[in-house]
K.L.:
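Take a look at the following structure, please.
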Amino acid sequence: MRRRASFTLALLENEVRELRLKKKWSQEKLAKRSGLHTTYISGSKRGKRNLGIENVVKLARALKVDAGKLFKGVR
């Protein structure tokens with residue numbers, strides 16, 4: 001089960017990264033726009049932090065996408 005969660009988080013983080021890069025935003029800019037701390041953004045990217053659903057929604061709002069889009073590829 002833990003491995004599945006790690007894979008899911010990796011897919012989620014990859015989608016957030018792709019959307020962030022399309023907007024040419026740094027991690028700092030995404031953090032500011034989402035109201036999350038830069039260390040939280042960085043830690044989640046490296047797999048050190050687990051993104052809670054409320055924070056997924058904050059990221060989606062900042063990126064101006066439906067939160068479900070962030071789960072692209074998750075089954």
Side-chain angles (χ1 to χ4, degrees):
M1 182 69 122
R2 180 101 167 115
R3 185 174 187 167
R4 174 84 173 154
S6 296
F7 180 70
T8 301
L9 287 171
L11 289 173
L12 173 67
E13 282 303 320
N14 187 53
E15 188 63 21
V16 168
R17 181 179 183 274
E18 285 183 24
L19 291 167
R20 178 178 62 80
L21 292 176
K22 280 183 186 176
K23 292 183 176 288
K24 297 182 170 118
W25 288 359
S26 65
Q27 286 183 10
E28 291 79 13
K29 187 167 187 172
L30 177 59
K32 183 176 181 178
R33 293 203 172 221
S34 65
L36 299 171
H37 198 276
T38 54
T39 57
Y40 182 84
I41 300 285
S42 177
S44 64
K45 179 183 173 198
R46 291 178 290 129
K48 299 293 182 186
R49 295 186 185 262
N50 189 349
L51 287 171
I53 191 69
E54 289 179 357
N55 291 335
V56 170
V57 172
K58 287 179 182 181
L59 290 170
R61 286 182 180 151
L63 293 165
K64 298 190 182 334
V65 298
D66 185 328
K69 179 163 178 47
L70 300 181
F71 291 96
K72 181 176 136 184
V74 176
R75 295 180 189 198

K.L.:
If you group Ile, Leu, Val, Met, Phe, Trp and Tyr by side-chain heavy-atom gaps below 4.5 Å, do V57 and L19 land in one group?
P.N.:
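Each belongs to a different hydrophobic cluster.
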
K.L.:
Counting only pairs under 3.5 Å, give me each side-chain donor-acceptor contact of residues 58-67, with atom names and distances, residues two or more places apart or in other chains.
P.N.:
from	atom 1	to	atom 2	distance (Å)
D66	OD1	G68	N	2.9

K.L.:
Check whether S34 reaches the backbone of L30 with its side chain - one donor and one acceptor, N or O, closer than 3.5 Å.
P.N.:
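Indeed, once roles are kept as given, a pair shorter than 3.5 Å links the two residues.
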
K.L.:
Strictly by side-chain hydrogen bond (donor to acceptor under 3.5 Å, both in side chains), give each pair with a member in residues 23-32 just once, sequence neighbours left out.
P.N.:
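Checked against side-chain hydrogen bond (donor to acceptor under 3.5 Å, both in side chains) - neighbours excluded - the pairs reaching residues 23-32 are S26-E28.
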
K.L.:
Quick one: does Y40's side chain get under 4.5 Å of N55's, heavy atoms only?
P.N.:
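They are in contact (side-chain heavy atoms under 4.5 Å apart), so the answer is yes.
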
K.L.:
When rounded to the nearest 0.5 angstrom, what distance separates CD1 in I41 from CG in L51?
P.N.:
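Between I41 CD1 and L51 CG, I get 7.5 Å after rounding to 0.5 Å.
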
K.L.:
Testing the basics here: between V56 and L70, what is the closest heavy-atom pair and its distance to 0.1 Å?
P.N.:
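Looking at all heavy atoms of both residues, the shortest contact is O-CD1, 3.6 Å.
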
K.L.:
Measure across L11 and K72 and return the closest heavy-atom pair with its distance rounded to 0.1 Å.
P.N.:
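Heavy atoms of L11 and K72 come nearest at CB-O, 4.4 Å.
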
